[in-house]
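To keep things clear, I will list the structure first and then write my remarks on it.
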Amino acid sequence: LILKLTESTNLPLNTMKKPLSLSSDTKYGSQSGRPEPARTIKEYTTLPARLESDISRRIEYLAKMLAIVLTTIVFANLFLIKQSFAQPVTVTPGTGQWTIPAGVTSVKAEAWGGGGGGGAAKGFIFVGRGGGGGGGSYSTTSWTNLTPGNSLTLSLGAGGSGGSESSGGPGGTSNVTGPTTINAPGGNGGGYGDFRNGSGGSGGSGGTGSTTYNGGNGAQSTTGNSGAGGGGAGNGGNGDNASGSTGGSGGIGSSVGGVPGGNGAAGVASTNSGINGTAPSGGGSGGRSGYGLQNGGNGAAGLIRLTYCVAPTSASASPDEICQNSVGTITLTATGGAGSELRWYSGSCGDIEIGTGTSLQIEYPESTTTYYARWESDLCPPSGCVSVTVTVNALPSTPTGITAAPAAICSGSSSTISVNNPGTGYTTDWFTGSCGGTPVEGGTGQNSVLVSPSATTTYYARTRNTSTGCI
């Protein structure tokens, strides 16, 4: 909204007239077009109340719309910035061979064992109550220096079957074999409640890996309900033990890339089959029966998770060749790959960090330097590096043997100025005024040149590398 104020000095303030209105406005009242009596400046600086109110509303509306537009722009830019960063790759394969993808040399492997099944229940005169199955355990490790195209061997632990006129089945052990093997044992099955209370199955434990967590124990059945299942381990903590008919909570997930364990199933209070545990690794609850047979609930299956960064496909520098003692900035660029953040190093891959981002500006190095880029993340080991080298070319030597033959001439005469041959790959450029000043005609790229000055003149010779252009 623009308000234009025009100042006039042709009339005294006390004789200013309100301009004629040639149109009618039904909102603010019509004007007859007749001149009104002269008014004071105070009268002209006070807007009618309705007009002032309407202008205020319009300004407020425009301000709100502007705020919405600016907010939209900010969030759009934040979204684009976030999207500009690739993310680590996470896969959850089952049993079999997993081929290491191209560009992948490091992998974080995680395994969860299966939850134990709940015990069956048989009742006749006496109520039978099955015990709850134990939760599965967790194990993890990271491998580096892997070779793309090679394979990891995976075995996913199944959930234990709920008992059928028997105790619940144990959860399967999950294994991942690479340079070493990690394993995450499953939980044990709950006891069979044949006219009695079945015992709870113990949680999975004793896994191998750099970090391990145990599953929670299943509960023994109580006088009222069947036994509940134990909680599965999370990748941040142990699963909780069940208590009576209350299922154990799954272990917490880690602070980064957290996956909590599955909850153990609750015990049942009336004649019914047990309840299945929650994935991953939760233990099933026992069945309950006042007459006949009721099966236990199944334990939840385990989980295998592989997380990895992918190396950038290429790195470049612009410029990638400079002259010694030059001042300026170089733009380093890396493309491809996947990870949370791309980091740059000098010295060697992972040695001296110099900055982050797929595009990074740095000052000219003093000597030839190789720069390394890799993707990194808190979720997995860093990727391999790609590299680019910035070459710093040495400066040519100062010209030697500069002569003028003859050194003194008459006006209109000529003299040959020359320097010693600077050697293969070098040439000489000639100037007047100063070194690098006004080029001498015909003196670019010449070790000697014929000149005809009209006055006493000083000539400057500068050596140039014909390949790099360094001077």
Side-chain angles (χ1 to χ4, degrees), residues 112-121 127-138 157-163 166-172 184-193 196-207 212-234 236-253 259-289 294-303:
W112 285 259
V127 175
R129 304 175 184 86
S137 65
Y138 167 83
S161 299
S166 63
S167 296
N188 290 305
Y192 179 31
R196 63 181 185 273
N197 296 333
S199 61
S202 59
S205 62
T212 61
Y213 296 111
N214 298 329
N217 297 328
Q220 182 175 4
S221 56
T222 63
T223 55
N225 304 316
S226 67
N238 298 323
D240 290 342
N241 297 330
S243 176
S245 61
T246 302
S249 298
I252 62 172
V259 177
N263 295 328
V268 294
S270 58
T271 297
N272 214 327
S273 297
I275 300 171
N276 297 336
T278 304
S281 309
S285 64
R288 183 187 186 280
S289 177
Q294 294 292 334
N295 294 336
N298 297 326
L303 174 68

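The first residue in the sequence is number 1, and the count goes up from there.
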- Do you know the tightest heavy-atom contact between Ala300 and Gly277? CB-O, 3.6 Å
- Task: Determine yes or no for a side-chain-to-main-chain donor-acceptor pair under 3.5 angstrom, with Trp112 supplying the side chain and Ala233 the backbone.
- Result: yes
- Query: Rounded to the nearest 0.5 Å, how far apart are OG1 of Thr246 and CG of Asn241?
  - Reply: 12.5 Å
- Message: Side chains of Ser205 and Ser137, heavy atoms from C-beta outward: is any pair under 4.5 Å?
- Response: no
- Message: Keeping Arg129 on the side-chain end and Thr222 on the backbone end, is there a donor-acceptor pair under 3.5 Å?
- Response: yes
- Output for pair (Asp240 CG, Ser249 OG), nearest 0.5 Å, gives 5.0 Å
- How many angstroms lie between CG in Asn225 and CG in Asn272, if you round to the nearest 0.5 Å? 12.0 Å
- Ignoring hydrogens and angles, tell me if any N or O in the side chain of Ser226 forms a donor-acceptor pair with the backbone of Gly286 under 3.5 Å. yes
- Task: Measure the spacing between CG of Asn238 and CG of Asn217 and express it to the nearest 0.5 Å.
- Result: 10.5 Å
- Query: Is the side chain of Ser245 donor-acceptor paired with the backbone N or O of Gly227 at a distance under 3.5 Å, no angle test?
  - Reply: no
- Item | Minimum heavy-atom distance Ala120-Gly163, with the two atoms named | CB-O, 3.2 Å
- When you measure from the side chain of Ser281 to the backbone N and O of Gly113, does any donor-acceptor pair fall under 3.5 Å? yes
- Query: Between atom OH of Tyr192 and atom OG of Ser166, what is the distance when rounded to the nearest 0.5 Å?
  - Reply: 7.5 Å
- Message: Looking at Gly224, is its backbone amide N or carbonyl O close enough to the side chain of Arg288 to form a donor-acceptor pair, meaning the two atoms are under 3.5 Å apart?
- Response: yes
- Task: State whether the side chain of Ser285 and the backbone N or O of Ile275 hold a donor-acceptor pair below 3.5 Å, judged by distance alone.
- Result: yes
- Query: Is the backbone N or O of Ser273 less than 3.5 Å from a side-chain atom of Gln294, with the two atoms forming a donor-acceptor pair by type?
  - Reply: yes
- Item | Minimum-distance pair of heavy atoms, taken over all atoms of Ala219 and Gly244 | CB-O, 3.3 Å
